[in-house]
Chemist: 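One structure coming up, written as structure tokens, with questions to follow.
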Amino acid sequence: MHISEGVLSAPVLIAGAVLSAGGVAIGLRKMSYDKIPQVAVLTSAFFVASLIHVPIGPSSTHLVLNGLLGILLGWMAFPSILVALSLQALLFQFGGFTVLGVNTLIMAFPALVAYLFFSPLVKKTSIPMVSAGGFLAGMTGIVFGALLVAFALISTGESFRNLAKVIIIAHIPVMIIEGIVTAFCVLFLKRVKPEILEVSQ
């Protein structure tokens with residue numbers, strides 16, 4: 001879901017940077033010292049998961065795990081994703097620094113949505129409810145991310161409309177895979193470390 005540099009218009013870049021900065025500021029305020037190791041581990045998982053990507057025009061498709069980050073980190077997903085994307089831009093030239101704000105918003109806002117809507121489900125004792133919460137959180141991260149990519153491209157120019165449709169369609173299988181992976185991760189954590197799913201951010 002990285003958007004490359006030189007594609008988006010200045011208003012879209014500025015709006016993305018401002019909104020991401022707000023999210024990062026809130027996330028940092030909610031990050032206590034004892035949360036830093038957990039955020040660091042999940043940032044690493046996000047970094048590795050999105051290294052293997054398939055280019056689609058000025059964007060790409062890959063596993064993201066932003067739904068899982070949202071469930072586990074809440075608002076702290078914003079600084080976590082910002083750090084991972086910064087390292088990817090610096091080390092591998094994925095995305096870029098001028099689009100860092102937009103790319104952070106594209107992946108972190110869906111993580112926050114997943115947290116707000118599905119965190120209560122993964123806190124249940126019922127295994128089917130926990131599984132459903134994890135699956136829906138994973139899907140939501142990709143669905144909203146793909147929609148935000150499409151919106152950013154169309155906001156830049158109508159010539160990107162067809163490409164935006166292709167990006168959404170290309171992410172349909174990723175939505176399902178991400179949902180399954182997130183559900184398994186949440187079930188595993190529920191079994192071995194359930195307290196990690198109980199903390200509110």
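No experiment lies behind these values; they were computed from the predicted model shown.
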Chemist: Counting distance only, does the side-chain N/O of Thr104 pair as donor-acceptor with the main-chain N or O of Ser20 below 3.5 Å?
Modeler: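 Not at all, since once roles are kept as given, no pair shorter than 3.5 Å links the two residues.
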
Chemist: Can you tell if the side chain of Leu13 reaches within under 4.5 Å of the side chain of Ser9, non-hydrogen atoms only?
Modeler: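 SC-SC contact between Leu13 and Ser9 ruled out.
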
Chemist: Does Glu178 reach the main-chain N or O of Ile142 with its side chain, forming a donor-acceptor pair under 3.5 Å?
Modeler: no

Chemist: Closer than 3.5 angstrom, by distance alone: can the side chain of Lys190 be matched with the main-chain N or O of Val122 as a donor-acceptor pair?
Modeler: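 Yes; at least one donor-acceptor contact below 3.5 Å.
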
Chemist: When hydrophobic residues are tied together by side-chain contacts of less than 4.5 Å, even through go-betweens, does Phe97 share a cluster with Val24?
Modeler: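 The answer is yes; both residues are in one hydrophobic cluster.
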
Chemist: Can you name the one residue among Leu148, Ile167, Asn162 that meets side-chain contact (heavy atoms from CB on, under 4.5 Å) with Leu153?
Modeler: Ile167

Chemist: Starting at NZ of Lys124, measure out to CG of Leu197 and round the result to the nearest 0.5 Å.
Modeler: 13.5 Å

Chemist: Write down the atom of Ser131, the atom of Ala183, and the distance for their closest heavy-atom approach.
Modeler: O-CB, 3.7 Å

Chemist: Kindly work out whether a path of hydrophobic side-chain contacts (I/L/V/M/F/W/Y, heavy atoms less than 4.5 Å apart) joins Phe109 to Phe151.
Modeler: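 Different clusters.
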
Chemist: Can you name the closest pair of heavy atoms from Met31 and Ile36 and give their distance?
Modeler: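 Where Met31 meets Ile36 most closely, the heavy atoms are SD-CG1, 4.1 Å.
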
Chemist: Hydrophobic clustering (ILVMFWY, side-chain heavy atoms < 4.5 Å, transitive) - are Ile26 and Val18 grouped together?
Modeler: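 No.
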
Chemist: Of the non-hydrogen atoms in Thr43 and Ser80, which two are nearest, and what is the gap between them?
Modeler: OG1-OG, 2.6 Å

Chemist: Any chance you could measure Leu72, atom CG, to Lys193, atom NZ, to the nearest 0.5 Å?
Modeler: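 One gets 11.5 Å once the value is rounded to the nearest 0.5 Å.
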
Chemist: Give a yes or no on whether Val64 and Leu147 share a hydrophobic cluster (residues Ile, Leu, Val, Met, Phe, Trp, Tyr; joining criterion: side-chain heavy atoms under 4.5 Å apart).
Modeler: yes

Chemist: Report yes or no: do Met107 and Leu28 belong to one cluster of Ile/Leu/Val/Met/Phe/Trp/Tyr joined by side chain heavy-atom distances under 4.5 Å?
Modeler: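 Linked within one cluster.
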
Chemist: Can you tell me how far apart CD1 (Ile14) and CG (Leu8) are? Round to the nearest 0.5 Å.
Modeler: 12.0 Å

